[in-house]
Amino acid sequence: MSLMTAEEYRDSLKKLRRTIYFMGSRIEDVVNHPATRPHVNAAAMTYEMALDPQFEPLCTATSHLSGNRISRFTHIHQSTEDLVKKVKMLRLIAQRTGSCFQRCVGFDALNALFGITYETDQKLGTKYHERFLQYLSYVQEKDLMCTGAMTDPKGARHLAPSQQKDPDLYLHLVEKRKEGIVVRGAKAHQTGAVNSHEVIVMPTAAMGEADQAYALAFAIPADAPGLLYIFGRQTNDSRKWEGEIDQGNARFGTVGGEALVVFQDVFVPWERVFLCGEYDFAGPLVDRFASYHRQNYGACKAGNCDIIIGAASAIAFAHGVAGASHIREKLGEMVHLSETLYSGAIACSSEGHKTPSGAYFVHPLLANTTKLNVTRFYYEVCRLAQDIAGGLLATMPSEQDLRDPEIGPLIKKYLCPGTEASAEERIRLGRLIENMTCGAPLVEVMHGAGSPQAMKIILLRQAGLEQKMKLARRLCGIEE
Ligand code: SF4
């Protein structure tokens, strides 16, 4: 079996020698630094659950390369059943973390590259797929966590990579050497970047001939020389230094812990290069990766909605209003929205198909619809949770005051809801709702896996408007 324990995962991160900046200082130990610790814990949950016999059937798979038992996060989908299992696994993990566990980005990058390297070789006679298989075996056998690096800083959005004033605004080739290539540029908002073992780089958009130097895909160890990480801020992140309750979800945090990753003339050996100048395949690689990742959002966000719905329901009980008809109505609406997201993720998986490489791919129209729904339904679930929880969400005293020998008893007296719940329980639930429904998590559901407009482009491309017009014309008698 090729599976790491959660502790081995944490230990393996300590061995990586990386340059990570946060708020003007270096982070030397991502496992124990308050800013990154929750995100490490969330990713560690993927390792923990894979070794739990209860979750093993969903969280592990049999490698089609080695026949070994591996983490599902390093598996190449061999059937629609695998795609469905992925969705079920993501919801299950999200129910335990209430946060992003980050490992799906690399998972989707592996699956996208598996298919695209095969198709590139078929068309151009290149040898990328064989190389990629070697790399995949390495990742599977070591049970590595990979971050998928796709989004370039992009500069002026109306200009192609090669038209930017600063050529580094899209990651690009600097030099080809006998042993490999040298690259420069950056990747923005990289989920799980500071607690992954490997960085898998892909292009960010479809490209033309002039952008050949930007059509790159490759993998490097997370501590490769020349890589620099700038860890991003999140709403309420300073609370990580202040105690536990005010963070809402102190163990796992909110969202994925994103970083700007800068590539300062990084060397990549040829055996880890999977696309180098084949610009025709940049767009298909982006689409493949994006649809796999948009599939996920109906699962991990439904899992997070389960927590929000549970917290809203529990706070309604604490307030003594759980039986009120308008509360029941709102909770029912939240369940409806969340299960609609999940249905989309299951549907795009069940309707998946085999690609020429043998790997299975989701139904892109349904996967993109799922993610587009997330950008609306998740907001509505959060709005309803805030409605149920009440204005206290924005006015609660701090944990320090709750613990203060003089002030604490006053808070406990005046914020006691008068039911079986204590003031502290009410505050804890309120803080969980506050941290899951405000700020960074909302922006993440809007733009993670691509902004709504990116989905609409694919919806219109996939919708078959011509065929729909034909159907309408036929019914109203314009066409036979
Ligand atoms: Fe996985 Fe969801 Fe986080 Fe994306 S947002 S990495 S799908 S948990």
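All ligand and atom numbering here is 1-based and tracks the order in the structure.
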* To do: In sequence, state the C-alpha distance, the side-chain angles, and the governing distance for V266 and I220, and then conclude on side-chain contact (heavy atoms from CB on, under 4.5 Å).
  => CA-CA 9 Å; V266 174; I220 41 170; 3.9 Å; yes
* Structure fact -> The salt bridge (charged side-chain N to carboxylate O under 4.0 Å, His left out) partners of R383 (sequence neighbours excluded) come to E380
* Asked: What are the atoms of ligand 1, with element, lying closer than 4.0 Å to any heavy atom of E444?
  -> 5 (S)
* Asked: Looking at V105, which atoms of ligand 1 are within less than 4.0 Å of one of its heavy atoms?
  -> 6 (S)
* **Proximity of H77 and F107 rings by center, below 6.0 Å** => yes
Would you verify whether the NZ or CZ of [X] falls within 45 degrees of the ring axis of [Y] while also being under 6.0 Å from that six-membered ring's centre?
X    : Y    : answer
R103 : Y47  : yes
R272 : Y135 : no
R131 : F274 : no

* Asked: Can you count the protein N, O or S atoms that lie less than 2.8 Å from atom 2 (Fe) of ligand 1?
  -> 1
* Side chains of V445 and Y379: closer than 4.5 Å at any heavy-atom pair? -> yes
